[in-house]
Amino acid sequence: MVVERARGESQSMSGSLQSLCWGSSAFGGIVSAYFSGSLVEAYGVRFVFGATSLLPLITSAVSVLVKEQPVQGPARGVSLGNGFIESSKNNFTQLWGAVKQPSVLLPTLFIFLWQATPHSDSAMFFFTTNKLGFTPEFLGRVKLVTSVASLIGVGLYNGFLKKVPLRKIFLVMTLIGTALGMTQVLLVTGLNRQFGISDEWFAIGDSLIITVLGQASFMPVLVLAARICPQGMEATLFATLMSISNGGSVLGGLIGAGLTQVFGVTKDRFDNLAFLIILCNLSSLLPLPLLGLLPGDEPDTKDNTDIEMKSN
């Protein structure tokens with residue numbers, strides 16, 4: 001639905017729609033992180049499972065308010081058998097025809113490579129729990145902070161970055177993210193304590209800053225994916241692009257796991273964790289020479305500005 005509304009609009013308008021959706025998601029994450037622990041403690045696990053199982057019914061109720069045009073022709077009411085197989089072949093052919101277009105394929109390739117850079121999240125999790133002794137309660141507080149940070153990141157993008165060219169956003173955010181990611185070295189080496197900052201407060205502050213930046217830098221990916229979807233293939237192609245992006249993230253995790261093993265980092269040994277963090281952060285700079293694969297700047301028209309004012 002967002003893709004249908006964003007298609008043909010300016011980058012700013014598309015950014016506003018994505019910010020609305022992901023801002024709502026971040027707000028839901030804040031509510032969940034704040035109440036989940038206290039509800040489990042007060043009413044038990046069964047009550048929480050029961051309450052959360054009923055929440056999707058609200059979506060079902062709201063769905064009746066969605067206005068859409070019914071599909072006419074053979075795409076409606078396709079039965080299993082030869083008709084279903086033929087329809088599936090036609091859909092796959094249309095999907096491949098849309099993906100192989102340079103305007104779609106090249107940005108998708110950049111998104112995949114941008115997401116496929118290795119990261120050291122798993123190693124850092126074991127370091128904070130096994131080495132620093134962070135408790136599940138404290139990790140829950142960190143989760144609440146990161147949910148708030150996600151909402152701040154969406155607001156940062158919607159307020160200041162949605163009109164900035166995509167290439168510039170990716171360049172600046174990647175450079176800043178690489179520099180800030182190096183701060184984890186301070187936590188691993190214990191230098192933060194020499195500055196009078198406890199491990200807990202440093203971890204919270206570090207998660208807050210990195211999550212804000214990460215969410216603000218991921219919003220252009222969603223905007224780009226929404227804008228390059230051709231008419232008639234919005235849902236399928238957007239889901240495909242997000243699957244490719246997630247596939248790149250999984251590949252990055254696998255590469256990070258391989259590097260973790262190469263550096264000899266385990267759940268109990270963290271001698272080379274600082275070097276692993278440095279290498280993973282520097283690798284995020286590798287996709288920058290491919291920024292030319294992204295679409296160029298598109299100036300906003302007056303009609304797009306009027307639409308965005310109504311949206312706001």
Side-chain angles (χ1 to χ4, degrees), residues 19 22 26 29 110-111 113-128 131-132 134 138-139 141-162 164-222 245 248-249 252-253 255-256 259-260 263 265 270 272-291:
S19 297
W22 287 84
F110 176 84
I111 292 175
L113 296 175
W114 188 67
Q115 292 282 72
T117 54
H119 52 78
S120 56
D121 294 347
S122 297
M124 279 300 300
F125 173 78
F126 284 109
F127 176 79
T128 55
K131 183 70 173 181
L132 300 182
F134 287 176
F138 177 75
L139 293 178
R141 296 177 184 176
V142 174
K143 178 63 177 177
L144 174 61
V145 171
T146 55
S147 298
V148 176
S150 297
L151 185 59
I152 296 174
V154 172
L156 175 65
Y157 175 82
N158 189 56
F160 303 99
L161 301 176
K162 64 182 180 181
V164 179
L166 291 174
R167 296 178 184 178
K168 188 175 181 179
I169 292 179
F170 278 109
L171 175 61
V172 174
M173 287 296 180
T174 302
L175 293 176
I176 297 177
T178 300
L180 292 178
M182 295 293 183
T183 57
Q184 292 183 330
V185 176
L186 301 178
L187 184 63
V188 171
T189 58
L191 291 177
N192 58 289
R193 292 189 292 271
Q194 297 184 12
F195 295 100
I197 305 175
S198 66
D199 294 336
E200 289 79 6
W201 280 108
F202 189 89
I204 290 177
D206 191 58
S207 299
L208 175 65
I209 297 174
I210 292 179
T211 304
V212 169
L213 189 69
Q215 185 66 49
S217 61
F218 187 64
M219 291 299 298
V221 176
L222 301 169
S245 174
S249 180
I255 298 175
L259 291 175
T260 301
F263 280 93
V265 177
F270 307 100
N272 296 323
L273 180 56
F275 299 104
L276 176 64
I277 294 173
I278 293 173
L279 179 60
C280 289
N281 278 281
L282 291 178
S283 67
S284 63
L285 301 175
L286 294 178
L288 291 184
L290 302 177
L291 283 173

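Just the heavy atoms: all of them, side chains too, but no hydrogens, waters or symmetry mates, feed the values below.
For the residue pair Leu156 and Ala216, the shortest heavy atom distance occurs at CD2-CB, 4.0 Å. Here the shortest heavy-atom pairing between Ile210 and Gly181 reads CD1-CA, 4.4 Å. Ala116 approaches Ile255 most closely through the heavy-atom pair O-CD1, 3.8 Å. In plain terms, the two heavy atoms of Ala274 and Thr189 that are nearest each other are CB-CG2, 4.4 Å. Taking every heavy atom of both residues into account, Gly256 and Pro118 meet most closely at N-CB, 3.7 Å.
Shown here are the side chain to side chain contact (heavy atoms under 4.5 Å, CB included) partners of Leu213, two or more places apart in sequence or in another chain: Met173, Ile176, Leu180. Not counting sequence neighbours, the partners of Ser120 by the side chain to side chain contact (heavy atoms under 4.5 Å, CB included) test are Met124, Gln184, Leu276, Ile277, Cys280. Listed by chain and number, the residues in a side chain to side chain donor-acceptor pair (under 3.5 Å) with Thr117 amount to none (sequence neighbours excluded). Take Thr178 and apply the side chain to side chain donor-acceptor pair (under 3.5 Å) test, not counting sequence neighbours, and it matches Ser284. For Thr183, the side chain to side chain donor-acceptor pair (under 3.5 Å) test picks out Asp206, with sequence neighbours left out. When the side chain to side chain contact (heavy atoms under 4.5 Å, CB included) test is applied to Leu288, the partners found at least two apart in sequence or on another chain are Leu171, Thr174, Leu175, Leu285, Leu291. Take Phe270 and apply the ring-ring contact (aromatic ring centres under 6.0 Å, His included) test, not counting sequence neighbours, and it matches Phe127. Considering only residues two or more places apart in sequence or on other chains, Phe263 meets the ring-ring contact (aromatic ring centres under 6.0 Å, His included) condition with none of them. In this view, Val145 and Ile204, Leu208 satisfy the side chain to side chain contact (heavy atoms under 4.5 Å, CB included) rule, not counting sequence neighbours.
Put simply, OG1 on Thr260 and NE2 on His119 are 9.5 Å apart, with the number rounded to the nearest 0.5 Å. Note that the CG atom of Leu273 and the CG atom of Leu187 stand 9.0 Å from one another [nearest 0.5 Å]. Taking CG of Leu259 as the start and CG of Asn272 as the end, the distance is 12.0 Å to the nearest 0.5 Å.
Heavy atoms of other residues, nucleotides or ligands lying less than 6.0 angstrom from CZ of Phe126 number 12 at most.
Among pairs with a residue in residues 164-213, those fulfilling ring pair (Phe, Tyr, Trp, His ring centres under 6.0 Å) read Phe110-Phe170, Trp114-Phe170, at least two apart in sequence or across chains. Residue pairs meeting the side chain to side chain donor-acceptor pair (under 3.5 Å) criterion with at least one member in residues 144-154: none, sequence neighbours excluded. Screening residues 173-197 for salt bridge (Lys or Arg N to Asp or Glu O under 4.0 Å) gives Arg193-Asp199 as the qualifying pairs, with residues at least two apart or on separate chains.
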Worksheet item: Going through the checks in order, is the side chain to side chain contact (heavy atoms under 4.5 Å, CB included) test met by Glu200 and Leu132?
Response: CA-CA 9 Å; Glu200 289 79 6; Leu132 300 182; over 6 Å; no

